[in-house]
Asks: 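Quick one: structure below, then a few questions.
Numbering of ligands and ligand atoms starts at 1, following listing order. Computation of the quantities below employed the complete heavy-atom set of this structure, encompassing side-chain atoms and omitting hydrogens, waters and symmetry-equivalent molecules.
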Amino acid sequence: MNILVTAGPTREPIDPVRFIGNRSSGKMGYEIASAFAREGHTVLLVSGPTSLDVPDGVDFLPIESANEMNEAVANHLGRMQVAVFAAAVADYTPSTVAKEKIKKSADAIMLELVRTTDILGSCRSEHGFAGTLVGFAAETENLIAHAREKLTRKQCDLIIANDVSKPGIGFESDQNEVTLVYPERIEQLPLASKHDLAHQLVRAILMLHAEKCAAN
Ligand code: PMT
C-alpha cells in the first residue's frame, strides 16, 4: 500500500534569519514511517526540519513551513491508501515575511499572525481523500474530549492522543504514552519507546484499514 506520513515541526519565517517553530523532534513520525516500510509498504515521509536520519526504505520529502507541507500533501495524497499526520504544524504564521533581517530599534514590536491551512482537516473536505485518515492530538488538558472533537471536525478514522504536559513523553522524548480514540471506542496503550509504540500503532492502523475496506 501507499502510505503518507507527516512528521517533525514546521518553521514559519519572520525574516531571513528568524522563524516560529515548536518542540517536535520528528521521532514519533519517523518511527511510524520506518515501521510501515518494514511491513513492506511504500512510504512517503513529508517532514519538517529535524536532526534525524531518513529511515531506510522510505521516500523523503523535506519541507519547512506549514504552507510547504500543505502543498506536498496536496500533491501526493491522491495515490495514498493511508495517511498518518504526526507533524506538529504551526496553526499561525506571520502575515508578512521581512525581506531583510529585522533590526533592533523599538522597545516592543507587533507580529501579526494569520491562520495556516488545517492540512489534516482539509484531506476529506478539500481533497476528497477516501482512504484511512489518522491524526494525532497533542493536548495539555481534557485529552480525550479534545481528541474526540478533532476526530469529528477533521473527519478522521482514528486520533492518537498524547498528553504533552506529562514529563518524559510527547515532544522530544524517546518514549510516548497514547490513547487511541476511534469513533466508537477508546484504547489506552501503555508507556513505551516510540520505536515499539510505532509498531503497535502501525498494526492498529492496518487493522482499521482492513475493516474499512471490508465494510465498503
Ligand atoms: O516529534 P516528536 O518530538 O517525536 O513528538 C511527537 C508529537 C508530540 C509531535 C506527536 O506525537 C504529535 O502529537 N503530533 C501532533 C502535534 C500537533 O500539532 O497536534 P495538534 O493537536 O495541534 O494537531 C492535530 C492534528 O492536526 C495533528 O495530526 C496535526 O498534524 C494536524 N494539523 C494541525 C494543524 C495544521 N495546520 N495542520 C494539520 O495537519
Asks: How does Ala7 reach ligand 1, by side chain, by backbone, by both or by neither, if only non-hydrogen atoms under 4.0 Å count?
Replies: neither
Asks: Checking a contact table here: which protein heavy atom is nearest atom 22 (O) of ligand 1, and how many Å away?
Replies: Lys150 NZ, 4.2 Å
Asks: Mind checking whether Thr6 has an N or O less than 3.5 Å away from an N or O of ligand 1?
Replies: no
Asks: May I ask you to identify, for Lys27, whether its side chain, its backbone, both or neither come under 4.0 Å of ligand 1 on a heavy-atom basis?
Replies: both
Asks: Run the numbers for me: atoms of ligand 1, each under 4.0 Å from some heavy atom of Gly26, listed by number.
Replies: 1 (O), 2 (P), 3 (O)
Asks: Identify, by atom number and element, the atoms of ligand 1 in contact range of Ala137, meaning under 4.0 Å from any of its heavy atoms.
Replies: 21 (O)
Asks: Which residue owns the protein heavy atom closest to atom 33 (C) of ligand 1, what's the atom, and how far is it?
Replies: Lys154 NZ, 3.8 Å
Asks: Using a 4.0 Å cutoff against the non-hydrogen atoms of Thr116, which atoms of ligand 1 qualify?
Replies: 36 (N)
Asks: Identify the protein heavy atom lying closest to atom 1 (O) of ligand 1, giving its residue, its atom name and the separation to 0.1 Å.
Replies: Ser24 OG, 2.6 Å
Asks: Quick check: do Ile20 and Thr93 have side-chain heavy atoms less than 4.5 Å from each other?
Replies: no
Asks: Check each atom of ligand 1 against the heavy atoms of Gly170 and keep those under 4.0 Å away; list them by number with element.
Replies: 5 (O), 8 (C)
Asks: Kindly identify the option in Phe85, Phe171, Phe136 whose heavy atom sits closest to atom 9 (C) of ligand 1.
Replies: Phe171
Asks: Geometry only, no angles: is Thr117 polar-contacting ligand 1 at N/O separations under 3.5 Å?
Replies: yes
Asks: What atoms of ligand 1 come closer than 4.0 angstrom to any heavy atom of Ala90?
Replies: 36 (N)
Asks: Counting both backbone and side chain atoms, is some N or O of Ala138 under 3.5 Å from an N or O of ligand 1?
Replies: yes
Asks: Could you tell me whether a side-chain N or O of Thr116 sits under 3.5 Å from a main-chain N or O of Asp91, the two making a donor and an acceptor?
Replies: yes
Asks: Among Asp91, Asp118, Ile159, whose heavy atom sits nearest atom 34 (C) of ligand 1?
Replies: Asp91
Asks: Students should be able to answer this: which protein heavy-atom is nearest to atom 4 (O) of ligand 1, and at what distance?
Replies: Lys194 NZ, 2.7 Å
Asks: Counting heavy atoms only, name the option from Asn162, Val164, Thr50, Asn67 that's nearest to atom 13 (O) of ligand 1.
Replies: Asn162
Asks: Tell me: protein heavy atom nearest atom 18 (O) of ligand 1, and distance?
Replies: Ala88 CA, 3.4 Å
Asks: Write out the residue and atom name of the closest protein heavy atom to atom 31 (C) of ligand 1, then the distance separating them to 0.1 Å.
Replies: Leu120 CB, 3.9 Å
Asks: Are Glu64 and Phe19 side-chain neighbours, meaning at least one heavy-atom pair lies under 4.5 Å?
Replies: no
Asks: Under the side-chain contact (heavy atoms from CB on, under 4.5 Å) criterion, do Leu120 and Asp118 qualify, and how do the steps go?
Replies: CA-CA 6 Å; Leu120 171 62; Asp118 182 346; 4.0 Å; yes
Asks: What I want to find out is whether Asp157 reaches Arg124 closely enough, with some N-O distance under 4.0 Å, to be called a salt bridge.
Replies: yes
Asks: Tell me: protein heavy atom nearest atom 2 (P) of ligand 1, and distance?
Replies: Ser25 OG, 3.3 Å
Asks: I'd like to check whether Ala86 has a polar contact with ligand 1, where a contact means an N/O of the residue lying under 3.5 Å from an N/O of the ligand.
Replies: yes
Asks: Does ligand 1 come near enough to Gly135 that some N or O of the ligand is less than 3.5 Å from an N or O of the residue?
Replies: no
Asks: Specify the protein heavy atom at minimum distance from atom 29 (C) of ligand 1: its residue, its atom name, and the distance to 0.1 Å.
Replies: Ala87 O, 3.4 Å
Asks: Could an N or O of ligand 1 be found under 3.5 Å from any N or O of Met28, whether backbone or side chain?
Replies: yes
